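This report refers to the structure that appears directly beneath it.
Since the structure is predicted, the reported quantities are computational estimates derived from the model, not experimental observations.
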Amino acid sequence: MSDFLKSFFDTKKLIKNREILGELPTSSEAYKTMFDIAWPSVVESVLVSLIQAVDTIMVGSLGSSAIAAVGITGQPKMIVMALIMSLNMGVTAVVARRRGEDDQEGANSCLKQSLIICFGIAMFMGTLGFIFAEPLLSFAGAKEDIIGMAVTYFRIIMIGNVFQSLAVTINAAQRGCGNTKIAMKSNLFANIINVIFNFFLINGIAFFPKLGTTGAAIATVLGNITAFGMAFQSITVRGRFLSIFENASWKFDKKTLKSVFAVSSSAAVEQVFMRIGFFTNTKLVADLGTTSLATYQICMNILSISFCFGDGLGMAASSLVGQSLGAKRQDLAYLYGKIGRRLAVSVGLCLSVIFIVFRSQLIMLFTNEADIIATGAIIMIITAVITPIQTTGVVTNGCLRGAGDVKYVAIASLISITILRPLSTWILCYPLNMGVIGAWIGVGIDQLSRLILSTIRYETGKWTEIKL
């Protein structure tokens, strides 16, 4: 077994001799480089996910309607954030290339121009989300018993949309430079603020009013403001590679915008495909009833934790791939991608064991309703199978995005998320009458197809030839 593990992780076996362009790091050096960037990214990603999960857990005492009301706002919120997320993929890819080229002015031009674009998008989308909250959530599947709570919660978090958007754009630029600890710290304190004010505002502790789901929304906004303040402070320090005080113009220039939009435009298409698929899936589950929707949202919150581990490794791989390609070292880009994939499989398998052993206890963190716990425990077994598939797929797509190969990722998302996921969910939930468990099998079909498609592309090596 030890020989197998040594062979599995040995960097000498990850790249062919004819592909080597220069001196390669040793196994210990390569894994340390990946780990140093990855662990703050993993923590950051988990913390971002926990904001929604913590709200869901802490309103759990209010009943399944409150859980469903908070949970159903997830996909509409992601729709509002879709353009920002697309922009940030371009920001990370371009800043990583400029870092590899040691072009500080180019990196800061990208940062400054992206912040202006981010602010405009966030104001526009946040306003639309606030105004059209009720029809958006109704379309998402919110029924009469939860629509009032869901609309109030959603409108309040839209107020914090600008702060959250600017924070994640700054963190995307820092991630491109490999500065993942900044994003981790800002999100850590955002979660602390969120938990503290959730505690006081949901149940009316001490002199605070009892606001229920409204209190959870207010706490989330306060956390967003905290994260923005810390992220912004990180780019106000003179002498750092990324700083708004460095010699780079705030004015838009063709070169920078072309590089960012080369990635962001395809990423925007990918986000459209993803949101259609996720939104449709949630709507299909919502039609099964409030209890099924609450069960689905609880299990999705737990699955998102495993996604976060893959996402953190994917962020690190994306940064290292971009920097390596910027330095004309395609061999290092391929190497770090392989390392990320192996770590993803390992982490995914460890999480699978936890999900199986503690499946009921994990569901009980969110609710004490017997029906939800029983069904959720079954779903957690399916989740355990999905997890290593998901983490590996997320890292592989992170490599492709870091190289700027977002167009292929968008096509894969169209096939897997927009088509296969809702179609399989509908067939399993309704004609085959499998209910929410069928929806979860549909999630697994989507994850497996994404892994297969991304792996095929990764192994061709064509992504290492893209210019930004």
Determine, stepwise, if the pair Asn171 / Ser186 fulfils side chain to side chain contact (heavy atoms under 4.5 Å, CB included).
-> CA-CA 9 Å; Asn171 289 337; Ser186 64; 3.5 Å; yes

Ignoring hydrogens and geometry, is there a side-chain-to-backbone donor-acceptor pair from Tyr408 to Leu453 under 3.5 Å?
-> yes

Step by step, would you call Tyr153 with Thr220 a side chain to side chain contact (heavy atoms under 4.5 Å, CB included)?
-> CA-CA 10 Å; Tyr153 180 90; Thr220 298; 4.0 Å; yes

Asn224 side chain vs Phe163 backbone, donor-acceptor pair below 3.5 Å = no

Do the side chain of Thr367 and the main chain of Ile363 share a donor and acceptor less than 3.5 angstrom apart?
-> no

Are the side chain of Ser424 and the backbone N or O of Arg421 linked by a donor-acceptor pair below 3.5 Å?
-> yes

Less than 4.5 Å apart, any side-chain heavy atom of Gln297 and any of Thr282?
-> yes

Does the side chain to side chain contact (heavy atoms under 4.5 Å, CB included) test come out yes or no for Tyr430 and Leu284, once each step is laid out?
-> CA-CA 9 Å; Tyr430 295 99; Leu284 287 169; 4.1 Å; yes

Where the side chain of Ser352 meets the backbone of Val385, is there a donor-acceptor pair that is under 3.5 Å apart?
-> no

Measure from NZ or CZ of Arg341 to the centre of the six-membered ring of Tyr458, then state whether that distance is under 6.0 Å and the direction lies within 45° of the axis.
-> yes

In a check of side-chain contact (heavy atoms from CB on, under 4.5 Å) between Arg275 and each of Phe279, Phe273, Phe278, which one passes?
-> Phe278

Any donor-acceptor pair under 3.5 Å linking the side chain of Thr169 with the backbone of Leu166?
-> no

Side-chain donor or acceptor of Ser304 paired with backbone N/O of Asn301 under 3.5 Å = yes

Would you say the side chain of Leu335 lies within less than 4.5 Å of the side chain of Ile339, judging by non-hydrogen atoms?
-> yes

State, yes or no, whether a side-chain contact exists between Phe366 and Ile372 at a heavy-atom distance under 4.5 Å.
-> no

With ring centroids as reference points, do Tyr296 and Trp440 lie under 6.0 angstrom apart?
-> yes

Test: Lys283 cationic atom under 6.0 Å from Phe139 six-membered ring centre, within 45° of axis = yes

Under 3.5 Å: donor-acceptor pair, side chain of Ser264, backbone of Ser86 = yes

Check: Phe35 ring centroid to Tyr31 ring centroid under 6.0 Å = no

Could you please spell out the steps behind the side chain to side chain contact (heavy atoms under 4.5 Å, CB included) verdict for Phe355 and Ser306?
-> CA-CA 10 Å; Phe355 289 162; Ser306 72; 3.9 Å; yes

Given side chains that start at C-beta, do those of Phe228 and Gln164 come closer than 4.5 Å, heavy atoms only?
-> no

Do the side chain of Asn194 and the main chain of Ala190 share a donor and acceptor less than 3.5 angstrom apart?
-> no

Tyr336 side chain to Ser318 main-chain N or O, any donor-acceptor pair under 3.5 Å?
-> no

Any Lys/Arg nitrogen of Glu270 or Lys407 sitting under 4.0 Å from an Asp/Glu carboxylate oxygen of the other?
-> no

Worked verdict on Arg155 versus Glu134 for salt bridge (Lys or Arg N to Asp or Glu O under 4.0 Å) | CA-CA 9 Å; Arg155 281 180 170 158; Glu134 186 167 352; 5.2 Å; no

Below 4.0 angstrom, N of the basic side chain to O of the carboxylate: do Asp446 and Arg450 qualify?
-> yes

Search all heavy atoms of Ile170 against all heavy atoms of Ser234 and return the closest pair with its distance.
-> CG2-OG, 4.0 Å

